[in-house]
Amino acid sequence: QGRRGGGVRGSRMELIVGGVLVGAGVTTFLGWVFQGVGPSPEASAVMEQARPVDVSKLNGLLFGGLSPKVVIYCGAKVRRESYAPLAQAVLKELDVADAGVLVVQSPFN
C-alpha cells in the first residue's frame, strides 16, 4: 500500500503552517483589541481650541468650567478626545457660566 499525506515530513509542514496562521490570527486580534478609535479631525480641532483640563485621577477631560454638570462615559475603544465636539455642544446647551462637562474614559480601555 502507498503512503498517504507524505508521512512525518508532511505532518511537520502542516504544524508549521498551522502555527504561522494561528500566530497571524492572534497578532491581528490583539492589534484590533488595543487600537482605540478617534479622534476625528473635527475632534482634534475642538481639542486645540477648547484646551480641556486633564483629570488624571479619573482618566478624564474636563471641558468648560471647573464645576462638572454632565459626565460623558466613553464607549469601548473610543478615545476620550473623540467626544470633544459633543462636550462642547453640551456646554452650549447648558448655558451656565461655570458649568463643565467631564468626559471619562472607561477602565482597561
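When reading the values below, keep in mind they use all heavy atoms of this one structure, side chains included, and skip hydrogens, waters and symmetry mates. Count residues from 1 along the sequence.
- Here F63 contributes atom CZ and L86 contributes atom CG; the two are 9.5 Å apart, rounded to the nearest 0.5 Å.
- Although no hydrogens or angles enter the test, the distance criterion places no donor-acceptor pair under 3.5 Å between the side chain of R80 and the main chain of V103.
- By the rule that hydrophobic residues join a cluster once side-chain heavy atoms approach within less than 4.5 Å of another member, V20 and V17 end up as members of separate clusters.
- Closest approach of A43 and A84 over heavy atoms only: O-CB, 3.9 Å.
- Hydrophobic clustering places V104 together with V53 (ILVMFWY residues linked when any side-chain heavy atoms are closer than 4.5 Å, directly or through intermediates).
- Annotation: the span from I16 atom CD1 to S11 atom OG amounts to 11.0 Å, rounded to 0.5 Å.
- L66 and V96 fall into different hydrophobic clusters, where Ile, Leu, Val, Met, Phe, Trp and Tyr residues are linked whenever their side-chain heavy atoms come under 4.5 Å apart, directly or through other members.
- Between the side chain of Y83 and the main chain of G75, a donor-acceptor pair closer than 3.5 Å is present.
- L94 and A99 get closest at one heavy-atom pair: CD1-CB, 4.0 Å.
- In the hydrophobic cluster analysis, where Ile, Leu, Val, Met, Phe, Trp and Tyr join through side-chain heavy atoms closer than 4.5 angstrom, V70 is grouped apart from L102.
- Separating the OG atom in S56 from the CG atom in L61 is a distance of 10.5 Å, to the nearest 0.5 Å.
- One hydrophobic cluster, built from ILVMFWY side chains closer than 4.5 Å, holds both L91 and M47.
- Closest non-hydrogen pair, P68 versus L62, comes out as CG-CD1, 4.0 Å.
- Judged as a side chain to side chain donor-acceptor pair (under 3.5 Å), the pairs with a partner in residues 37-49 (not counting sequence neighbours) are, in order, E48-R51.
- Smallest separation of non-hydrogen atoms from V78 and S82: CG1-CB, 3.7 Å.
- With hydrogens and angles ignored, the 3.5 Å screen pairs no side-chain donor or acceptor of Q105 with any backbone N or O of N59.
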